[in-house]
Protein chains: 2
Amino acid sequence: MSTVTAMPTSPGGTRYKEVKEAMLAALTVQEWKGGEVIPSEKKLAERFGVSIGTLRKAIDELCAENILIRHQGLGTFVAMHRRDRHFFRYFRVTRRDGERTYPVVTLIDFRRVKASPAIAARLGIDDGARLYSFVNALALHEKVIMIDHIMLPETLFPGLTESTLRSRQDTLYNFYQDAFGINVAGTDERLRVGRVSESESAILQLDAGSAVMEVERVAYSINQKPVEYRLTHINTEEYDFVASTMKNGAVT
Amino acid sequence: MSTVTAMPTSPGGTRYKEVKEAMLAALTVQEWKGGEVIPSEKKLAERFGVSIGTLRKAIDELCAENILIRHQGLGTFVAMHRRDRHFFRYFRVTRRDGERTYPVVTLIDFRRVKASPAIAARLGIDDGARLYSFVNALALHEKVIMIDHIMLPETLFPGLTESTLRSRQDTLYNFYQDAFGINVAGTDERLRVGRVSESESAILQLDAGSAVMEVERVAYSINQKPVEYRLTHINTEEYDFVASTMKNGAVT
DNA sequence: AAGTGGTCTAGACCACTAC
DNA sequence: TAGTGGTCTAGACCACTTA
């Protein structure tokens with residue numbers, strides 16, 4: 001493996017930004033994989049030819065973006081999506097009284113399709129490019145209250161099958177990381193009032209054409225490329241979508 | 001004026017956290033007001049008895065929380081809400097094609113009420129405490145698409161009147177800061193599908209009882225206290241509510 | 001030219017984890 | 001005890017703004 005040391009591609013003007021980009025490059029080529037320790041600060045400082053303080057500033061930003069995680073006395077790790085740690089960063093549905101619960105996920109459809117122009121545009125791929133398309137029903141407190149339609153470019157998830165998808169142990173984003181080396185680093189979501197389709201109405205136990213919350217999500221990898229398109233319908237009769245601008249999610 | 005120098009209240013264990021808390025205290029007692037320059041890093045380092053590097057780390061965090069703003073060569077300023085800078089941090093409604101526009105705001109009601117138990121709980125005040133309550137209609141592209149019901153505790157906004165509210169020059173949050181020294185530092189929002197009331201349906205040009213997006217927002221000050229309660233109804237036929245987890249709002 | 005914040009250094013010392 | 005990250009220092013030099 002060729003280690004990344006040169007840093008001419010994204011100047012940015014400052015040393016620590018260059019170091020940060022070099023580290024992102026090392027992460028995207030999988031030199032350091034999800035969950036692994038990266039070299040110590042001292043070694044990285046030597047490798048990139050900067051002082052420890054400068055190296056630390058680069059790591060500071062990567063930690064702030066949830067790409068790395070520091071553990072005093074242990075080392076710095078490549079952040080891994082885990083049900084018990086980062087799940088609620090991406091799952092923002094809460095019961096009206098504020099209680100958060102893990103959803104029970106059931107895969108109810110899996111197929112291969114071609115990208116429509118709208119979805120191709122969102123994913124930054126060609127019209128008609130091949131996609132995996134599957135549907136999950138999510139239950140909270142033993143009642144299905146949301147349905148996810150998820151689409152993944154085949155080129156990014158080579159060899160994905162319904163059975164490997166079903167047999168995953170942790171969250172979907174953990175699975176992307178583990179099986180395909182894709183680190184979801186952020187999402188862009190657009191919310192609006194939508195209408196349930198006929199097939200969905202049965203699953204959500206709503207009248208056909210009922211109003212639900214519609215969420216269109218594009219997930220981005222650490223290299224800023226779109227990796228997943230998701231359309232979600234939520235029954236918000238008893239649940240809220242939470243959108244806070246503060247770190248400390250004020251517990252009402 | 002007594003300057004804040006002692007830092008025993010919130011130990012946190014580290015020097016820079018103490019400095020940060022001391023600076024937040026100075027901000028809440030209005031030693032430095034919105035828009036003003038704060039003393040230079042060198043002077044602040046002397047005042048708090050720390051090195052410049054440590055002082056900088058405290059300011060780094062305050063800048064990351066949008067409380068301070070640095071300007072190289074000029075100084076560090078207390079962030080001021082401005083229509084042209086921070087407005088879209090709190091106004092997250094975008095046309096379906098992604099275009100952002102400033103809303104045209106019209107005050108359509110102003111009164112004084114007593115807090116209901118539900119709203120008192122959200123604002124952390126007593127049941128029945130006095131509130132200012134007013135309603136704004138917001139138009140985008142020359143059509144009213146959202147209605148804000150806003151409630152403010154009288155104790156935090158002493159002497160607020162309909163005319164001072166109407167005659168404000170900039171945004172509402174700029175007004176809070178300018179006229180009452182209240183710095184909105186973050187919000188907590190809960191979204192769901194709601195129904196328009198009869199009076200709203202006329203303004204929004206929707207049928208009575210139509211489904212709209214309902215947003216319940218509590219705004220918090222830099223000292224973590226709730227300062228505003230807001231209930232918004234949005235017609236999302238042509239607009240989306242944007243909720244991104246990334247800094248760089250990916251422009252679709 | 002003087003003053004401000006922005007970057008970078010080289011090292012000390014502390015706190016935590018593992019063995 | 002050795003190795004890791006966490007904090008803090010004291011100062012150099014650069015880039016920007018105003019006068």
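These figures come from a predicted structure and were not determined experimentally. Quick note: numbers below take in every heavy atom, side chains included, and nothing from hydrogens, waters or symmetry partners. The chains referred to below are lettered A, B, ... by the order of the sequence lines, with proteins before strands, and numbering in each begins at 1.
Between A/Asp240 and A/Thr94, the side chains place no donor N or O within less than 3.5 Å of an acceptor N or O (distance only, hydrogens not considered).
Ionic pairing of A/Glu61 and A/Lys57 is not present here: no N-O contact between side-chain nitrogen and carboxylate oxygen is shorter than 4.0 angstrom.
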**Message:** Within the 4.0 Å limit for protein heavy atoms, which parts of nucleotides 3-9 of chain C are touched? Write it as a string from 5' to 3', B for base, S for sugar-phosphate only, - for none.
**Reply:** BBBBBSB

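Residues satisfying the ring pair (Phe, Tyr, Trp, His ring centres under 6.0 Å) test with A/Tyr176, not counting sequence neighbours, are A/Phe157, A/Tyr173. For A/Tyr229, the ring pair (Phe, Tyr, Trp, His ring centres under 6.0 Å) criterion is met by no residue, not counting sequence neighbours.
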**Message:** Test side chain to side chain contact (heavy atoms under 4.5 Å, CB included) on A/Leu160 and A/Thr164; report intermediate values, then the result.
**Reply:** CA-CA 7 Å; A/Leu160 175 68; A/Thr164 54; 3.9 Å; yes

